[in-house]
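Everything below concerns the one structure shown next.
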Number of protein chains: 2
Amino acid sequence: MTQAGKTRRNTAQKDAVRRALASAEGFVSAQDLHRRLDGEGSRVALATVYRQLNALADEGEADIVSTGDEQLFRTCRQPDRHHHHLICENCGNAVEVTPDDEGWFARIAADHGYTVTRHSIEIYGRCPRCQNG
Amino acid sequence: MTQAGKTRRNTAQKDAVRRALASAEGFVSAQDLHRRLDGEGSRVALATVYRQLNALADEGEADIVSTGDEQLFRTCRQPDRHHHHLICENCGNAVEVTPDDEGWFARIAADHGYTVTRHSIEIYGRCPRCQNG
DNA sequence: ATGTATATGAGAACAGATCTCACGAGGAGT
DNA sequence: ACTCCTCGTGAGATCTGTTCTCATATACAT
Ligand SMILES: [Mn+2]
Ligand SMILES: [Mn+2]
Ligand SMILES: [Zn+2]
Ligand SMILES: [Zn+2]
């Protein structure tokens, strides 16, 4: 689904996307980010925003979370640590979290003869600033 | 993203969709199911397959799992118990699983001032029958 | 049997994401 | 600084999964 491929050159567009992503507090969609770039005068094609966001993700600089109908992106805070996200449904703000024990599903999988290749854990809620509304 | 709405009447099409879904062992896409129905001579419009699958999900008879690029459906095996799925990436077969402890994320959320509204946990791998390939 | 609310079918419409390809620009080598 | 080749970009087309529209058909309460 997601187009793959790290990027090999440093372009103005890549910098712009990286900066815009970094300046967003929470998870944002590619289209949001494109709109923000436009708003601040940075003309970057939507396709390029997608390409660079995916590249950043491939390079470990960004996290992607797939809601049912779109992908959201955010600068990764702890690139070296396996983690999941606790995400505010209202504003996209997120906290990177690590379960105390991720071993349970390896055990359950083994019980059923399954081999685990990957897992996805996402927690949605309201952040402190979005409790009302 | 997913169209909502339980259904109030018992139609031939709904029965057909329910049967086809039940006769599929693993998670299948709406389009797969539509193809299968066609194959066995049941002419049900694709839109109706979508409508009824969503209705079945609303009614608790079906589970939906969202891979990044499509939704997969399966008859729910234990409608009354909260659970998640361990899914074979190759054939769609799945086991309904329940973590030993789902309390950890409520605690973490509280630590960060978040209120939890929902969570999503999915484990992907290979089922016993799909180990090779 | 009638009447009315609801489901269906066929195709149009939609939205997110990716692809195409001609053109522009990074940057290694000189 | 100049060249050259490779890779990135822009604009718009295209793809794909899903939902919508609305005229017609059907369930089912009365
Ligand atoms: Mn991260
Ligand atoms: Mn289930
Ligand atoms: Zn928030
Ligand atoms: Zn399998």
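Within every chain, numbering begins at 1; the chains are lettered A, B, ... in the order of the sequence lines, protein sequences first and strands thereafter.
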Separation of C:dT18 atom P from B:Glu70 atom CD, nearest Å, is 15 Å

From CG of A:Leu72 across to C1' of C:dG16 the rounded distance in Å is 12 Å

key: Base of D:dC7 paired with side chain of A:Arg9 (donor-acceptor, under 3.5 Å)   = yes

Winner on side-chain proximity to A:Gln3, out of D:dT18, C:dT8, C:dC19, is C:dC19

From CG of B:Leu46 across to P of D:dT16 the rounded distance in Å is 14 Å

*asked:* Between the base of D:dG10 and the side chain of A:Arg51, is one N or O donor paired with an acceptor at under 3.5 angstrom?
replied: yes

Note: for A:Ala45 and B:Ala30 on DNA chain D, the residue whose nearest nucleotide lies more 5' is A:Ala45

Whole-Å distance, A:Gln71 CD to D:dT16 C1', equals 14 Å

- Message: Taking any heavy-atom pair under 4.0 Å as a contact, classify B:Ser29: base, sugar-phosphate, or nothing.
- Response: nothing

Answer yes if A:Ile87 and B:Val116 sit in the same cluster of Ile, Leu, Val, Met, Phe, Trp and Tyr residues linked by side chain heavy atoms under 4.5 Å apart, and no otherwise. no

Practice item. Output yes when at least one side-chain N/O atom of A:Gln13 is less than 4.0 Å from OP1 or OP2 of C:dA25, else no. Key: no

Does the side-chain hydrogen bond (donor to acceptor under 3.5 Å, both in side chains) test come out yes or no for B:Glu96 and B:His82, once each step is laid out? CA-CA 9 Å; B:Glu96 303 191 338; B:His82 172 73; over 6 Å; no

Worksheet item: Can you tell me if B:Glu89 and A:Thr117 form a side-chain donor-acceptor pair at under 3.5 Å?
Response: yes

From the candidates D:dT19, C:dT18, D:dG10, the one with an atom nearest any side-chain atom of B:Tyr50 is D:dT19

Taken to the nearest whole Å, CG/A:Asp15 to P/C:dA25 is 16 Å

Tell me whether the side-chain N/O atoms of A:Thr7 come closer than 4.0 Å to OP1 or OP2 in D:dG8. yes

Exercise for the section: Taking only Lys NZ, Arg NE, NH1 and NH2, and the carboxylate oxygens of Asp or Glu, determine whether B:Glu59 and B:Arg18 approach each other closer than 4.0 Å. Expected result: no

Terminal axes of the helix from C:dA1-D:dT30 to C:dT30-D:dA1 (5 end pairs apiece), angle rounded to 10 degrees, sit apart by 40°

A:Arg8 has its side chain closest, among C:dA7, C:dT18, D:dG8, to D:dG8

Considering only heavy side-chain atoms of A:Gln31, the closest of C:dG16, D:dG10, C:dA7 is C:dG16

| message | With a 4.0 Å limit, can you tell me whether B:Thr11 has a side-chain N or O closer than that to the phosphate oxygens OP1/OP2 of C:dA7? | response | no

Rounded to whole Å, the NE2-P distance (A:His34 to C:dA15) equals 17 Å

Check the pair A:Gln131 / B:Thr115 against side-chain hydrogen bond (donor to acceptor under 3.5 Å, both in side chains), numbers first and verdict last.
-> CA-CA 8 Å; A:Gln131 294 299 344; B:Thr115 296; 2.9 Å; yes

A:Leu56 atom CG is separated from D:dG8 atom C1', nearest whole Å, by 14 Å

When rounded to whole Å, the CZ to P distance for the pair A:Arg43 and C:dA25 reads 16 Å

**Asked** Does B:Tyr50 have its ring centroid less than 6.0 Å away from the ring centroid of B:His34?
**Response** no

Notebook entry, point to check: Cluster question for you: counting only ILVMFWY and a side-chain heavy-atom cut-off of under 4.5 Å, with indirect links fine, are B:Leu86 and B:Ile121 together?
Noted result: yes

- Quick one: is A:Asn54 getting a side-chain N or O under 4.0 Å of the C:dT18 phosphate, OP1 or OP2? yes

| message | So A:Asp32 and A:Glu70, do their side chains get closer than 4.5 Å, heavy atoms only? | response | no

Ranking B:Ala47 and A:Met1 by the position along DNA chain C of their nearest nucleotide, the one closer to 5' is B:Ala47

